[in-house]
Amino acid sequence: MTAKLIKGTEVRDEILVELKDEVDKIKNEHGVVPGLVTILVGENPASISYVTSKIKTAQSLGFKEVQDNQPDDISEQDLLGLVDKYNKDDSIHGILVQLPLPKHIDDKKILNAIDPDKDVDGFHPVNVGRLMIGGDEAKFLPCTPAGIQELIVRSGVETEGAEVVVVGRSNIVGKPIANIMLQKGPGANSTVTIAHTRTKDLAFHCKRADILIVAAGVPDLVKPEWIKPGACVIDVGVNRVGEKISEKTGKKIAILKGDVDFEKAKEIAGYITPVPGGVGPMTITMLMKNTLKSLKFHLGIE
Ligand code: GUN
């Protein structure tokens, strides 16, 4: 069997067209566009690259985009002051503080200072609680798990009553995706197990999964024989296992590997995400969706 490839790039493009249509419609009817501020502290190359992609995507959708770059030695107090400024700015509907922050800054303190109604990352404890309660209460789902749900649903995979096994218990992916798939409602209603690297018999749990979501950060952790034939396999792992020269640019680039042995797993699974090009492209897309959602809440149309 060869699995159907779930291409995050294609799903991303499909959603971006939908979002652009909605942004244009709201602009025409209400005269406003979503406003997103990206706060970047220091010059971490990976963070610069992520933030640049976020800015470009926001601009392509016609958002108001504010880039607020701050030096590495900004004080915690000054960064809190900046967050407060954007909390009070009515033209800003989403605030994103790029992580990681320098060591002298307590990132929890900064994230908790963001107005939960502008927390488009979905990291604030209020939004974590809202997701846990579910239903109408849930406001901003964290972007990577929200993107995973979109990939599953838009691929036509049945989630109703499905055995979902999540490998990984991080606050950014494992715990929230488990909660999302557990919700009452379409695209969820699953029976969820959360396993992790300390689980006694990981193979046993993976073998039961109709939908296997792996976010452990361990290359090739999941062996092909652990996959139920026909299962949907979502690989969230992005592990740098070496470097190579890009054929396109001639520059050195990282060799990336997922948490699942892709080449063998694709012969057993029914659906599978590649690494890269699977879950990765969805995160920024869902950030845009959350920012638009925030504007719709602000206008009372969500
Ligand atoms: N750093 C890496 N990924 C993310 C993300 O999704 N949000 C924020 N704020 N920082 C990040």
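Both ligands and their constituent atoms are indexed starting at 1 by order of listing.
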N/O pairs closer than 3.5 Å, ligand 1 and protein:
unit_1: ligand 1; atom_1: 1 (N); unit_2: Gln98; atom_2: NE2; d: 3.1
unit_1: ligand 1; atom_1: 1 (N); unit_2: Leu99; atom_2: O; d: 2.9
unit_1: ligand 1; atom_1: 7 (N); unit_2: Asp121; atom_2: OD1; d: 3.1
unit_1: ligand 1; atom_1: 7 (N); unit_2: Asp121; atom_2: OD2; d: 3.3
unit_1: ligand 1; atom_1: 9 (N); unit_2: Val97; atom_2: O; d: 2.8
unit_1: ligand 1; atom_1: 9 (N); unit_2: Asp121; atom_2: OD2; d: 2.6
unit_1: ligand 1; atom_1: 10 (N); unit_2: Leu99; atom_2: N; d: 3.0

Query raised in the report: For Tyr86, is the NZ or CZ atom of Lys118 found under 6.0 angstrom from the centre of its six-membered ring and inside 45 degrees of the ring axis?
Result: no

Query raised in the report: So does Glu22 pair up with Lys296, basic N to acidic O under 4.0 Å?
Result: yes

Query raised in the report: Are side-chain N/O atoms of Asn69 and Gln67 paired as donor and acceptor at under 3.5 Å?
Result: no

Taking only residues two or more places apart in sequence or in another chain, which ones pass side chain to side chain contact (heavy atoms under 4.5 Å, CB included) with [X]?
X: Lys175; result: Asn171
X: Lys264; result: Pro224, Asp261
X: Thr285; result: Arg12, Ile15, Leu16

